[in-house]
Amino acid sequence: MVRKILSRLAQYGFTLLAASFLLFTLTEFSPGTVASKILGPYALENQVALLNAQLGLDEPLLHRYVDWLQTLVGLSPNLLPEAAPGLGLSDPRGDKYFGNFGYSLMMKEPVLDVLADRIGHTAWLSAWALGLTIPISLLLGTLAGMHAGSSVDRVISTVTVTLTSLPEFVVAVGLLLIFVASLGWLPGTSSLQPGDQWSTGAQLVLPVTVLLIASGAYLTRIVRASVAETMQADYVRTARLKGLSPRRVIWAHVLRNAMIAPITVILLQVNWILTGVVVVEAIFAYPGLGSLMLRAALFGDIFTVQALTMLALSVALITQFLGDVAYAILDPRIRVD
Amino acid sequence: MSILQIESLCVAYDGAEVVRGFDLTLKEGESYGLVGESGCGKSTVAFAVEGHLAATGKVTSGSITVNGTALTKIAEPQLRRLRAAHMSMVFQDPVAALNPTMRIGDQLAEAAREPADILPIMDRVRLPDPEALLKRYPHQLSGGQLQRVVIAMALLSRPSLLILDEPTTGLDVTVEAEVVALISEIAAAEDVALLYISHNLGLMARVADRIGIMYAGQLVEEGPVRSVLRSPKHPYTLALLACLPGRKDRAPGTPLPSIPGQVPLIGALPRGCAFAPRCAMSKPGLCDVDPPLRMVQTGTDHFARCRRLEDQPPMSKEQQTPPTRDLRAHDTVLEIDGLRKTFGRRGLFAPPPVVASDDVGFTLPAAQTLALVGESGSGKSTLARMLIGLDVADKGTAMFDGKNIAALPAKDRPDSLIRQIQMVFQNPDGTLNPAHRIGFILARALKRAGQPHGEQDVIRLLDSVRLPATLADRHPADLSGGQRQRVAIARAFAGSPALIVADEPVSALDVSVQAAVIGLLSDMTAAHDTAILLISHDLMLVRHVAQHVVVLYQGRVMEQGPADAVFKAPFHPYTEALLASVHPPDPDHVVSPLDAPDDPGPSPQDGCPFYNRCHRRLPQCSAMPPPKRDAGTGHAILCHRELQDLVPPERT
């Protein structure tokens, strides 16, 4: 078991490395170079060449990648503040530390500082969204799947099918029209500025609700399908014919088996809510990672985009690992002694 | 006292009746066998007794009484108490019947009336090391062990009624024999009433006191097992018995009779006798008119539902002249020598590899049938997979058409070679793409085989497997199991291959259809000059159709030779054990148990792999590989015993 976990972790390390190389290569092809971003569109060619040389950007790709990686893990310093003194870049942590993604060209700040506030906001939003989505979908999905074909099932299925087919922005706009424009109960933006007239809780209600609807409706359907299928299994029939009570049949025989298949979907939702909530954050002007990603990408803030992508990758790998562990806990067939 | 009483039971699915006026009385300690083709309503009766019909199913009239409680009148909680305390059910597939994520012990505990019963009952069903087993999960046990667990579970509630729905289908013959003996022994000791549901007449002959033959939702014949199987009265019973291969009065190779047509669909019953359209005895104006037939007494406690009982011919005893078997020297189509295949990871810490085939060698003459027999795990399927290139051998040769194909994977085989070796699988449902029409499937097979593949060619191919041309427009789901297997055979024969590997081609089919499919396979073989490598666990079937037999145990050939010789003494002890497990549909068949040891440990490294289970073992068997003994005419036995010691004593 320990061997299996270690080898899995080694695999993840390799995946992260390979992905970082791909990411680095891809950003090479993004429009506009670092130098032209710093010097502006009217820079002379020899100015650009000089900056490129100072930053080591005229070296071959692989060489630059290794440089980037060394800076990232804190082996070599970030050369940008020296090369472009006009930008006034400085980093209180020094120029060599682990996780040095460089500077956000958009904010003129170290990328880590830019991320720091945002991560907190995203974590807050995610915690609420996931904390509601997962239990509610498991509950509704199980309820519908247990009574497949009944009126409870039909109501839950119809509602969830309708909700999954609505894009997030439609749901968001609809809720805005009702609760902000008509009723005026809730704020239309959730920028979490200090001194806002709305409390943080009130600002969170709408974004969390949109995420709950978008993610929960889908998850409910997946759980429903899995529970309904498990209800048909021979061993559930065996359990019933033993004379067990319906409650015992569901708890002891159906749930654990029915949860195996939806794990992947649950973790994909976790993944998405943690790092991919671009639309919802943009609509509500929520200062999380998703809206940062959007702005950084539009600005061409290469270093921020790189950092966000690496973060998303790590989250994906961690949820993947949790998924494997959860599978092993739930399903004895894939445990290896 | 009667444990189970069913009176004029009618069950309908969505308003269509599948059980029509079914009566049954089962006394304490009695064993009743319910027989019939699939779709006759046998299982519906069982589920009605358990109060567990599908959502669309409903008992429309009649009554079921278990231990004095009228089942049709009680509410859910009472029904649960009845299930928990008075009846249990054992199903066909023990792997599916147990919860894969729950320990065996927990699953047993749920069913137990007294927790203290668990360990003793595990002993009674002869599960080794019960304490350790309780902590295991189902996937860590073999099929035979799982079925014992299921039986133990069923007995733990100390039921007075045990329903067994095809309890041994899917188990090896040797395991089947043990499991069945075990059930009978325990049932007799505890006075449990048994309701067996099976299509297997041999099994019924062994276990049942009374049997009922069911057709289209009704009993058509019922009586003491001896009376029904010895002097069957209803044409359906006669026909079912006639379909079985391996009857003593029929020489190997003679065509097996089959029952034409199929069980009528729900809601599409003919007038009068439901069996009339398929019955050789039916008489227009008598059998196909209302009113419905009644059960008529035809002997002591023996009833049948037929209008022509007086006109019945006695059970046919015609001795057909056996077809002369063509054993002349033929060209060899396949020559296997020293074939070895192991599975498992290689590496420093890897467990020792599993040997699936070891030093396997035999030759298959053109246009003949060679059967591979052995229990599950004997390496039959691995061998088949190597021949069609799904696996590659580690060592050894398989010469086909002048080429060694043993280590040639399918992707490297030229089309011409792939066309020459085709395969027919056990489960036709899985081999035909459900999204395509039959016509398309066959046209593509013809095209792949480089044959003309127009509409007429497809119709001709369908005709060659005796299917109507109209089926070309249907999808596989619209066909019956037998029809699907015919399509699979047609597909395999599309390019007139030299060799067909048939892996349990009829074991998923009803006996009535089996015979027809086997007959078809033989005819096709003759017409196309194709050799068949038949993989089967059904020894009676093998004896009937194969000219050559190779007996495998744990990947090694234990005995091989012409079928006639292999099925006669001298036997390899393993062959003898396999044959001893076969039970013909004859209630007077004496099972003479072999005095076999059962060492659970691994088979000896250097000695005979069968050592652990051999009833004729000698001390040297565990130390040295057995020598090959020549019994003449290509008949070889791998055993330390002399040939004359391998002849079982005459049964008296």
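Naming: A, B, ... by sequence-line order, numbering from 1 per chain.
Of the listed residues B:Ala55, B:Ala84, B:Pro100, the one with more heavy-atom pairs under 4.5 angstrom with chain A than any other is B:Pro100. No other option in A:Asp331, A:Asn257, A:Thr238 has as many heavy-atom pairs under 4.5 Å with chain B as A:Asn257. Of the residues considered (A:Leu244, A:Asp234, A:Leu241), A:Leu241 shows the highest number of contacts with chain B, using heavy-atom pairs under 4.5 Å.
In this structure, no portion of B:Glu76 lies under 4.5 Å from any heavy atom of chain A. Interface remark: A:Ile260 contributes side-chain atoms only to the contact with chain B (heavy atom separation under 4.5 Å). Both the backbone and the side chain of B:Thr101 come within less than 4.5 Å of a heavy atom of chain A. Heavy atoms closer than 4.5 Å to chain B are found in both the backbone and the side chain of A:Arg240.
Here B:Lys42 does not pair with B:Asp165 in a salt bridge; the nearest charged N to carboxylate O distance is not below 4.0 Å.
Of the inter-residue distances, the one linking B:Leu155 atom CG with B:Ser157 atom OG reads 7.5 Å to the nearest 0.5 angstrom.
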>> Set out, in order, the CA-CA distance, both residues' side-chain angles and the distance that settles side chain to side chain contact (heavy atoms under 4.5 Å, CB included) for B:Tyr32 and B:Tyr196, then state yes or no.
In response: CA-CA 6 Å; B:Tyr32 189 96; B:Tyr196 272 97; over 6 Å; no
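Using modelled atom types, one finds no donor on one side chain facing an acceptor on the other under 3.5 Å when comparing A:Ser215 with A:Thr133. B:Arg80 and A:Ser245 share no donor-acceptor pair across their side chains, judged by distance under 3.5 Å alone.
Counting all heavy atoms, side chain and backbone alike, B:Ser507 lies closest to B:Gln426 at OG-NE2, 3.0 Å.
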